[in-house]
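In this chain, residues are counted from 1 in sequence order.
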Amino acid sequence: MNLALKEMKKNKVRFVILGSIVFLVSLLTFIISGLANGLSQDNAALIKDLPAGQFYMNEEADETYNLSKIDSSTQNDMLNKQKDAVAFSIQMGFINDEAGKQQSVAFVTATDSPLFEKVKHEEIILDSSLKDKGIQVGDTVTNNQFSGKFIVKGFVEQKKYSHAPVAYISMEDYKEIYRVEEMQLVFAPNADASQDYTGLQAFSKNDFLKTISSYSAEQMSLNMIVWFLVVISGMLFAIFFYMMNVQKIGLYGILKAIGLKTSKLFKMIWTQMVVITVISLALSIVLSQIFNQFAPQGMPFSLSLATTTQLSIVFIIIGFIGATISGIQIKKIQPLQAIQQGEV
């Protein structure tokens, strides 16, 4: 421990440079992870906020929810057998506000359930993001395919689907707009994959999210960037300590010659890695949480403490692996040979 800290004091510039790079890489990783989580919520908060369970859609829909139609008799049978099950439909559309401006929304309707907002005929409940567009409670909005007018009865927080604010309407009004009688999906909370129904395909929540257009591609791209940055941090430690070790072959030879065990030298490298990583992560966590609180309004950014903790642990593990790989050469050092070819 003392040997590791003394060396860090002696070579401050080198370790500050490494710490600065790790700080920048980890900060960028936290920010991109926050963007990934934020976009995930912006894309599918309506589904992600539901409890664990099974989603059912028609097998012939080819895993495309808006092509799914569930027969009314099958739907009634499922709702009677499955506790708290709910049938619902989602379709992208638009509303016209009182100023005549079109606002893109995801229309949602459902059977009676506490999981979805309950609305009456010619009523609508909107995601709160539409407040920024000037829509208020009591306003009247319209849709070109609907013969009546909707009265805005309230707002809900963070209910998005496919990056569009959700608009809850009654089943009667939904059927008039889209000229359909069947519902698209049935959701059964706490159900498992063993509960099959003829003609229906079951999905877990994660599997159903993958059927949402753009969700998988969007999340895969951002997560690949995050893990790529994590791997880069491990490579930085491996390269840095490898170069340091090459320069100190002679010193290590003398230390081994006087009886210092190889395990002690490894502990020195690990101590230096932990000190650098912890300080760098602490600074990047503070800045990323400040950014989380003061991110521009409208930016889909969400960085939870759990995600930050998980990434921090991964950074430490990757750093440990990188530092250990670089130290393998220490084990191979022969004291006499190292003293002859190295300089102290």
Side-chain angles (χ1 to χ4, degrees), residues 29 32-70 74-75 78 82 84-93 104-110 113 115-116 127 129 158-168 178 180 182-231 299-304 306-307 310-311 314:
T29 304
I32 293 177
S33 180
L35 287 172
N37 291 335
L39 285 169
S40 173
Q41 283 295 114
D42 195 64
N43 202 344
L46 176 72
I47 302 301
K48 294 188 72 174
D49 290 345
L50 292 173
Q54 292 290 307
F55 293 82
Y56 297 89
M57 73 168 71
N58 195 305
E59 283 183 339
E60 297 179 356
D62 194 27
E63 299 187 359
T64 305
Y65 75 91
N66 55 0
L67 298 179
S68 175
K69 292 182 180 180
I70 296 181
T74 303
Q75 173 185 311
M78 294 179 69
Q82 295 276 7
D84 300 325
V86 55
F88 68 102
S89 291
I90 310 168
Q91 283 285 10
M92 304 307 295
S104 296
V105 296
F107 284 111
V108 177
T109 190
S113 170
L115 299 174
F116 293 85
D127 178 74
S129 62
Q158 294 296 319
K159 292 296 180 185
K160 296 285 192 73
Y161 189 84
S162 194
H163 298 297
V166 162
Y168 293 98
Y178 292 104
V180 294
E182 301 90 352
M183 301 294 272
Q184 295 171 339
L185 303 159
V186 171
F187 173 65
N190 303 315
D192 55 54
S194 63
Q195 297 169 311
D196 293 330
Y197 292 89
T198 304
L200 299 183
Q201 186 174 1
F203 299 85
S204 65
K205 186 194 291 188
N206 288 335
D207 289 338
F208 182 75
L209 286 170
K210 294 175 184 177
T211 68
I212 300 174
S213 177
S214 80
Y215 182 87
S216 296
E218 184 180 85
Q219 290 301 300
M220 186 180 296
S221 299
L222 290 170
N223 287 330
M224 281 182 66
I225 294 173
V226 168
W227 289 109
F228 186 67
L229 289 171
V230 170
V231 171
M299 176 183 285
F301 188 88
S302 176
L303 185 62
S304 66
T307 301
Q310 290 171 0
L311 283 174
V314 170

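Here the CE atom belonging to Met78 is positioned 5.5 Å from the CG atom belonging to Leu200, to the nearest 0.5 angstrom. Expressed to the nearest 0.5 Å, how far CZ of Phe228 lies from OG1 of Thr29 amounts to 11.0 Å. Atoms CG and OG1, from Asn37 and Thr307 in turn, are 4.5 Å apart once rounded to the nearest 0.5 Å. Here the OG atom belonging to Ser40 is positioned 3.0 Å from the OH atom belonging to Tyr215, to the nearest 0.5 angstrom. Rounding to the nearest 0.5 Å gives a distance of 4.5 Å between CZ of Phe88 and CD1 of Ile47. Remark: Ile225 CD1 to Leu35 CG distance equals 9.5 Å, nearest 0.5 Å.
A pairwise comparison of heavy atoms in Leu222 and Ala36 identifies CD1-CA, 3.6 Å as the closest pair. Across Ser129 and Pro165, no two heavy atoms sit closer than the pair OG-CB, 3.6 Å. A pairwise comparison of heavy atoms in Pro189 and Pro51 identifies CB-CG, 4.2 Å as the closest pair.
In this structure, the side chain of Ser89 engages the main chain of Gln184 through a donor-acceptor pair within 3.5 Å. A donor-acceptor pair is defined here as one N or O able to donate and one able to accept, closer than 3.5 Å; no such pair exists between the side chain of Asp62 and the backbone of Thr64. Remark: side-chain polar atoms of Ser221 are paired, donor with acceptor, to backbone N or O of Ala217 under 3.5 angstrom. One N or O on the side chain of Ser113 and one on the backbone of Leu115 form a donor-acceptor pair closer than 3.5 Å.
Counting only residues at least two apart or on different chains, the ring pair (Phe, Tyr, Trp, His ring centres under 6.0 Å) pairs with a member in residues 36-67 are Phe55-Phe187, Phe55-Phe208, Tyr56-Tyr197, Tyr65-Tyr161. Screening residues 37-60 for salt bridge (charged side-chain N to carboxylate O under 4.0 Å, His left out), with sequence neighbours left out, gives Asp42-Lys160, Asp49-Lys159.
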Determine, step by step, whether Asn190 and Asp84 satisfy the side-chain contact (heavy atoms from CB on, under 4.5 Å) criterion, reporting the C-alpha distance in whole Å, the side-chain angles of both residues, the deciding distance to 0.1 Å, and the verdict. CA-CA 9 Å; Asn190 303 315; Asp84 300 325; 5.7 Å; no
Passes side-chain contact (heavy atoms from CB on, under 4.5 Å), Ile70 versus Glu182? Steps please. CA-CA 6 Å; Ile70 296 181; Glu182 301 90 352; 5.6 Å; no
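Within the 4.5 Å cutoff, side-chain heavy atoms of Ile90 are placed close to those of Leu46. With a 4.5 Å cut-off on side-chain heavy atoms, Gln219 and Asn43 do not count as touching. You'll find the side chain of Met183 reaches within 4.5 Å of the side chain of Thr109, heavy atoms only.
Between the side chains of Gln201 and Glu63, a donor-acceptor pair is found at a separation under 3.5 Å.
For Lys69, the NZ atom counts as loosely surrounded, since its 6.0 Å shell holds 12 or fewer non-hydrogen atoms of other residues, nucleotides or ligands. More than 12 heavy atoms of other residues, nucleotides or ligands lie within 6.0 Å of CE in Met92, so this atom counts as buried by the packing criterion. More than 12 heavy atoms of other residues, nucleotides or ligands lie within 6.0 Å of CD in Glu218, so this atom counts as buried by the packing criterion.
Ser204 pairs by the side chain to side chain donor-acceptor pair (under 3.5 Å) definition with Asp207, not counting sequence neighbours.
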